[in-house]
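Below is one structure, written out as structure tokens; comments come after it.
Predicted model only: the values in this text are computed from it and were never measured.
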Amino acid sequence: MFKNFHGYHLLESYHHWKQEHRMNRNPLGMKGLKIAIAVIVTLLLWFVPASCYGLTQINLIEQRVIGIFAFAALMWLFDAVPAWTTSMVVVVLLLFATSNSALWFLQTDSAGVKFENLVKYKDILACFADPTIMLFIGGFIIAIAATKSGLDVKLAKTMLAPFGSKSENVLLGFLLVTGLFSMFISNTATAAMMLTFLAPVLKALPADGKGKIGLALAIPIGANIGGMGTPIGTPPNAIALKYLNDPEGMNLGIGFGQWMMVMVPLTIVLLIVAWYMLRIFFPFKQKTIHLEIEDNHKSDWRNYVVYVTFTITILLWLTDSITGVNANVVAMLPVGVFAITGVITKRDLEEISWSILWMIAGAFALGVALNQTGLAQHLIEAIPFASWSPLMVIIGSGLICYLMANFISHTATAALFVPILAIVGTNMDSLAVYGGVGTLLIGVAVCSSVAMVLPISTPPNALADATGLIKQKDMVKTGLFMGFFGLLLGYIVLIISGKYGIL
């Protein structure tokens with residue numbers, strides 16, 4: 001993916017590392033065992049008597065959804081196969097076992113009566129063309145065009161220049177610029193690009209100095225934290241926003257600019273916190289750094305098309321509440337302009353990270369099944385959520401999400417928790433004291449983004465680890481520090497903004 005991006009060799013190395021890591025963790029026998037466990041658990045949940053669930057009025061269709069949900073959870077947790085592969089299997093299972101276009105003998109009960117709560121197959125398939133998916137496609141197209149035109153290099157060079165040559169200021173510059181780029185470009189691609197710019201600097205720093213460790217860690221921290229800033233910064237944001245803005249659900253109408261108004265200040269504060277942390281943990285031995293970023297792109301009229309379209313798109317996203325143009329619609333503007341002007345070709349479309357889009361679509365499909373089968377309603381009726389302490393639900397779910405996101409895909413974590421917490425949130429009026437259901441769902445996105453303890457926690461971490469400069473204890477130390485402040489400040493901001501109707 002992203003062959004046009006600077007640092008593509010780093011991306012290739014990461015994907016090879018990921019594949020080897022998966023093979024080492026899952027030799028053929030272990031991989032088969034994990035898949036077998038997931039399948040057996042799924043079948044048990046599928047075929048056990050309905051009375052075992054303790055839910056009233058549950059039928060076979062709902063049981064199958066529970067089984068498929070368990071399959072997704074186990075497969076994402078085991079990481080026996082890529083996360084997007086699991087999502088695709090989930091969609092296929094939902095279509096063939098729970099939809100109104102399923103195999104004929106799965107659409108009827110033992111008496112031959114057709115189930116009334118079959119999921120509409122069109123709604124499952126529509127997840128692949130959900131407006132949120134279009135929003136991400138627009139983001140990917142902008143990212144590819146920015147790289148082809150050299151806009152990313154020009155922006156990086158321009159934005160890093162004001163930070164001068166003092167080592168500590170250069171560190172701050174890399175944190176902030178990486179964070180800004182990751183709001184609009186894939187966290188993985190951003191980390192690869194910025195590490196490429198940083199490589200000559202790391203080689204020039206004293207071998208016995210700690211400052212180079214801080215600089216190397218600044219890239220994944222900036223990429224992970226910066227992703228919280230926009231709805232397209234990271235998939236967990238989009239998953240949370242999908243449920244919050246669903247016209248047939250909560251219909252909160254949270255806009256692109258509204259999201260940024262709350263989340264960008266949070267990301268900036270967290271990046272400043274990270275700067276102070278890295279300065280203390282990894283002080284510089286060399287007091288100045290001379291940074292040189294080469295820009296070899298030649299300008300032509302298409303470059304100016306990219307600059308103008310990029311600017312207009314960002315402005316429309318920021319002012320969606322004023323213009324009335326939905327952020328998902330705005331995302332199609334660069335797609336159309338770049339296609340007609342030849343900035344983007346059919347080859348470039350192959351570079352879109354389709355696996356991420358399929359992963360998100362699988363998460364949406366699970367949510368559709370939970371709602372249309374009636375399972376969501378039955379869970380609400382069976383579990384006394386209203387009697388639970390709202391603070392306990394918020395803190396408990398946040399900590400569980402954070403722990404899981406350190407070991408499995410951030411997107412998979414959101415895919416598992418957001419649909420369930422959406423059910424919980426809609427049945428808890430007491431959450432209003434702490435900012436409402438938005439605190440619960442956006443909290444998942446925040447918890448996922450600040451989960452960066454291990455090299456396997458997130459691709460930017462793995463890319464930084466590949467530099468060979470970072471010991472795992474350093475990543476664990478900084479990851480736990482950022483996790484603590486991220487969760488603390490994140491929930492404070494969400495609670496305040498929710499209570500006062502800002503978000």
Is [Y] close to [X] at the side-chain level, that is, under 4.5 Å between some pair of heavy atoms?
X	Y	value
Val446	Met263	yes
Tyr434	Leu440	no
Trp317	Thr323	no
Ile395	Tyr491	no
Trp354	Ile137	yes
Phe181	Leu155	yes
Asp79	Ile408	no
Leu244	Ile442	yes

Checklist entry - Does NZ belonging to Lys499 count more than 12 external heavy atoms closer than 6.0 Å? => result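 Atom NZ in Lys499 is not crowded, with 12 or fewer foreign heavy atoms closer than 6.0 Å.
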Next on the checklist: Tell me whether Lys210 at atom NZ has more than 12 heavy atoms from other residues, nucleotides or ligands lying less than 6.0 Å away.
Outcome noted: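 Counting other residues, nucleotides and ligands, NZ of Lys210 stays at 12 neighbours or fewer.
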Checklist entry - Testing Ile219, Val177, Thr178, Leu180 for side chain to side chain contact (heavy atoms under 4.5 Å, CB included) with Thr190, which one passes? => result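 Only match with Thr190 under side chain to side chain contact (heavy atoms under 4.5 Å, CB included): Thr178.
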Checklist entry - Quick one: which of Met452, Met475, Met482, Met277 gives a side chain to side chain contact (heavy atoms under 4.5 Å, CB included) with Leu217? => result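 Passing option: Met475.
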Can you see which heavy atom on [X] is nearest to which on [Y], and at what distance?
X	Y	answer
Leu416	Ala72	CD2-C, 4.4 Å
Leu135	Ala327	CD1-O, 3.5 Å
Ala331	Met134	CB-O, 3.7 Å
Ile221	Ala274	CG2-CB, 3.7 Å
Val343	Ala145	CG1-CB, 3.9 Å
Ile239	Ala363	CD1-CB, 4.1 Å

Next on the checklist: Just to verify, what does Lys212 make a salt bridge (Lys or Arg N to Asp or Glu O under 4.0 Å) with, not counting sequence neighbours?
Outcome noted: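 So Lys212 forms no salt bridge (Lys or Arg N to Asp or Glu O under 4.0 Å) with any residue.
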Checklist entry - Who pairs with Asp474 by salt bridge (Lys or Arg N to Asp or Glu O under 4.0 Å), at least two apart in sequence or on another chain? => result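 For Asp474, no residue satisfies salt bridge (Lys or Arg N to Asp or Glu O under 4.0 Å) once neighbours in sequence are set aside.
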Checklist entry - Can you list the steps and then say if Thr132 with Phe364 is a side chain to side chain contact (heavy atoms under 4.5 Å, CB included)? => result CA-CA 10 Å; Thr132 305; Phe364 291 170; 3.9 Å; yes
Approximate separation, where rounding is to 0.5 Å, of [X] [atom1] and [Y] [atom2]:
X	Y	atom1	atom2	value
Leu171	Glu168	CG	CD	8.0 Å
Met183	Ile225	CE	CD1	10.5 Å
Thr147	Ile142	OG1	CD1	12.0 Å
Ile456	Asn461	CD1	CG	10.0 Å
Leu74	Lys34	CG	NZ	11.5 Å
Leu454	Phe407	CG	CZ	5.5 Å

Next on the checklist: Can you classify the ring geometry of Phe481 versus Phe485 as parallel (below 30°), tilted (30 to 60°) or perpendicular (above 60°)?
Outcome noted: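 Taking Phe485 first and then Phe481, their aromatic rings sit tilted (interplane angle of 30° to 60°).
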Next on the checklist: Could you work out, with side chain to side chain donor-acceptor pair (under 3.5 Å) as the rule, every residue matching Asn187, not counting sequence neighbours?
Outcome noted: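 For Asn187 there are no side chain to side chain donor-acceptor pair (under 3.5 Å) partners, ignoring immediate neighbours.
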Judged by atom type as modelled, is there a donor-acceptor pair below 3.5 Å linking the side chain of [X] to the main-chain atoms of [Y]?
X	Y	result
Ser149	Ala146	yes
Asp320	Val325	no
Trp259	Ile254	no
Asn237	Thr230	yes
His410	Ser457	yes
Ser497	Leu503	no
Asn406	Val453	yes
Thr288	Lys166	no
Trp84	Ile360	no
Ser182	Ala223	yes

Item to check | Residues Leu278, Leu175; criterion side chain to side chain contact (heavy atoms under 4.5 Å, CB included); working and verdict | outcome: CA-CA 10 Å; Leu278 292 173; Leu175 275 167; 4.2 Å; yes
Item to check | Phe184/Ile314 under side chain to side chain contact (heavy atoms under 4.5 Å, CB included): CA gap, chis, key distance, verdict | outcome: CA-CA 9 Å; Phe184 300 97; Ile314 300 301; 3.3 Å; yes
Next on the checklist: Set out, in order, the CA-CA distance, both residues' side-chain angles and the distance that settles side chain to side chain contact (heavy atoms under 4.5 Å, CB included) for Leu195 and Leu463, then state yes or no.
Outcome noted: CA-CA 8 Å; Leu195 280 170; Leu463 288 169; 3.8 Å; yes
Next on the checklist: Ring centroids only, cut at 6.0 angstrom: are Tyr304 and Tyr307 within range, meaning strictly under it?
Outcome noted: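 Yes, they do, as the ring centres are separated by less than 6.0 Å.
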